[in-house]
S.K.: 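What follows is a single structure, and I will ask about it in a moment.
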Amino acid sequence: MSKPTIATLSAESMSDEMDLDLADIAAIFEYATSRLSAIRTELESTRHTLPIKTCRIIGQYLNWEGESFTLPWMSPCAGLSISPPLSRNLRFFVGVLSMKQVGLVTNFEEIYNALMTLPAAPAGPWQKGRLARTYWTPWWMNTANIVADDNFLHTYPNCVQVQQIIAKHFKQLPEGKVLITPATLTIPMCTPVAEQLSNIHAKVLHEGQLIVKMLEDKVVEAKMVAATMLWMDTALGQDVVKAIAATEKLTKYLKREAAQ
């Protein structure tokens with residue numbers, strides 16, 4: 001009996017096609033979780049010795065990880081109403097990468113720092129995934145000498161290659177794919193009330209962003225005024241400087257609230 005197919009993705013530069021079912025989707029995220037755990041474990045030994053530049057480069061490779069084995073597969077799940085079985089660590093990692101895409105995380109060093117907040121040895125396979133002996137392109141080995149390979153960082157495995165990589169991965173595990181939690185289909189919950197709440201939430205976020213932008217613009221204007229007053233040696237200039245500091249603190253607070 002043939003397995004039910006939920007999506008067919010054509011591979012770039014290859015004539016083959018890969019048929020995805022719920023088990024395939026689950027296997028992709030299981031593999032991504034396993035790689036993430038192997039990376040986090042390896043980075044623990046050097047977390048206090050790496051310079052900022054190296055941490056930033058590692059962040060670039062972590063971003064590549066997400067764009068290779070996680071984020072491209074989230075869109076089909078959303079479009080087909082599939083609930084992927086993401087581990088806690090992978091769910092956290094996806095959140096960080098999503099923040100990077102919308103500008104809430106502004107540099108690759110923050111991606112590295114966010115990953116290092118995860119426990120190096122979480123309890124149970126649901127959090128950490130099952131480790132294998134070897135991995136495809138294990139860039140995280142010998143990170144002390146890592147360099148940013150632009151060609152590597154801008155080349156991603158296509159869907160057929162991902163299928164082949166995952167097949168080799170599970171051949172290393174005694175239990176194979178038996179312990180994988182299957183993905184499930186979900187009924188989209190879209191009611192008039194839910195739509196209204198979603199629209200209200202979006203408008204509130206937009207208005208909040210406008211307020212933060214206005215405050216930031218006012219800080220720039222106030223700094224120009226303060227500079228003039230301080231040059232004229234007036235006491236009012238000191239008051240403006242204090243007001244600028246208070247406004248900057250308010251802006252940072254509003255940004256933190258918007259990010260939560």
S.K.: Under the side chain to side chain donor-acceptor pair (under 3.5 Å) test, which residues partner R56, sequence neighbours left out?
M.R.: none
S.K.: Could you grab the distance from atom CG of L62 to atom OH of Y112, nearest 0.5 Å is fine?
M.R.: 9.0 Å
S.K.: Can you list everything that forms a side chain to side chain contact (heavy atoms under 4.5 Å, CB included) with Q60? Sequence neighbours excluded, please.
M.R.: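 Side chain to side chain contact (heavy atoms under 4.5 Å, CB included) check on Q60 returns I57, F108, A148, L153.
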S.K.: What distance do S87 atom OG and F92 atom CZ have between them, rounded to the nearest 0.5 Å?
M.R.: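 Here the interatomic distance stands at 12.0 Å.
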S.K.: Checking Y61 now: which residues fulfil ring-ring contact (aromatic ring centres under 6.0 Å, His included) with it, not counting sequence neighbours?
M.R.: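 Only W139, F152 meet the ring-ring contact (aromatic ring centres under 6.0 Å, His included) criterion with Y61.
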S.K.: With sequence neighbours left out, which residue pairs that include part of residues 35-52 fulfil the salt bridge (charged side-chain N to carboxylate O under 4.0 Å, His left out) condition?
M.R.: R35-E65, R40-E44, E44-R47
S.K.: The test is side chain to side chain contact (heavy atoms under 4.5 Å, CB included); show your working for V162 and W73 and say whether it passes.
M.R.: CA-CA 11 Å; V162 169; W73 310 100; 4.0 Å; yes
S.K.: Looking at residues at least two apart in the chain, or sitting in another chain, which of them share a side chain to side chain donor-acceptor pair (under 3.5 Å) with D150?
M.R.: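 By the side chain to side chain donor-acceptor pair (under 3.5 Å) rule, D150 matches no residue at all.
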S.K.: Looking only at heavy atoms, which two atoms of P157 and I165 are closest? And how far apart?
M.R.: CB-CD1, 4.3 Å
S.K.: Can you list every pair that meets salt bridge (charged side-chain N to carboxylate O under 4.0 Å, His left out) and has a residue in residues 151-170, with sequence neighbours left out?
M.R.: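 Qualifying pairs, neighbours excluded: none.
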S.K.: For the CD atom of Q161 and the CH2 atom of W136, what is their distance to the nearest 0.5 Å?
M.R.: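 Rounded to the nearest 0.5 Å, the CD-CH2 separation comes out at 6.5 Å.
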S.K.: For Q101, what residues pass the side chain to side chain contact (heavy atoms under 4.5 Å, CB included) criterion, not counting sequence neighbours?
M.R.: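 Residues passing side chain to side chain contact (heavy atoms under 4.5 Å, CB included) with Q101: L71.
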S.K.: Got Y135 and S34 here, is their nearest side-chain heavy-atom distance under 4.5 Å?
M.R.: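 Contact flag for Y135/S34 side chains = yes.
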S.K.: By side chain to side chain contact (heavy atoms under 4.5 Å, CB included), which residues pair with T54, not counting sequence neighbours?
M.R.: L50, P51, I58, I146
S.K.: Pairs in or reaching into residues 20-43: which pass ring pair (Phe, Tyr, Trp, His ring centres under 6.0 Å), with residues at least two apart or in two chains?
M.R.: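 Of all non-adjacent pairs touching residues 20-43, those that pass ring pair (Phe, Tyr, Trp, His ring centres under 6.0 Å) are Y31-F69, Y31-H169.
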S.K.: For W140 versus T143, what's the shortest heavy-atom pair and its separation?
M.R.: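 So the two residues come closest at O-CG2, 2.9 Å.
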S.K.: Which distance, rounded to the nearest 0.5 Å, do you find between the CD1 of I28 and the OG of S68?
M.R.: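 Spacing of CD1 (I28) from OG (S68) equals 12.0 Å.
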S.K.: Can you list the residues that meet the side chain to side chain donor-acceptor pair (under 3.5 Å) rule with N142, with sequence neighbours excluded?
M.R.: N145
S.K.: Taking only residues two or more places apart in sequence or in another chain, which ones pass side chain to side chain contact (heavy atoms under 4.5 Å, CB included) with V105?
M.R.: M99, K100, E110, I111
S.K.: Tell me if a side-chain donor or acceptor on T41 pairs with a main-chain N or O of S37 at a distance below 3.5 Å.
M.R.: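 Between the backbone of S37 and the side chain of T41 there is a qualifying donor-acceptor contact (under 3.5 Å).
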S.K.: May I ask whether I39 and V147 are part of the same hydrophobic cluster, defined by side-chain heavy atoms of I, L, V, M, F, W, Y residues being less than 4.5 angstrom apart, directly or through others?
M.R.: no
S.K.: Starting from I52, can I reach L43 by hopping between I/L/V/M/F/W/Y residues whose side chains sit under 4.5 Å apart?
M.R.: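 No, no single cluster joins them.
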S.K.: For T155, enumerate each residue passing the side chain to side chain donor-acceptor pair (under 3.5 Å) test, keeping only those at least two apart in sequence or located in another chain.
M.R.: none
S.K.: Within this structure, what is the CG-CG distance for the pair N89 and L36, rounded to the nearest 0.5 Å?
M.R.: 6.0 Å
S.K.: Heavy atoms, side chains only, cut-off 4.5 Å: are E30 and F170 in contact?
M.R.: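 Side-chain contact under 4.5 Å: yes.
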S.K.: I need the L90 CG to T70 OG1 distance, nearest 0.5 Å.
M.R.: 4.5 Å
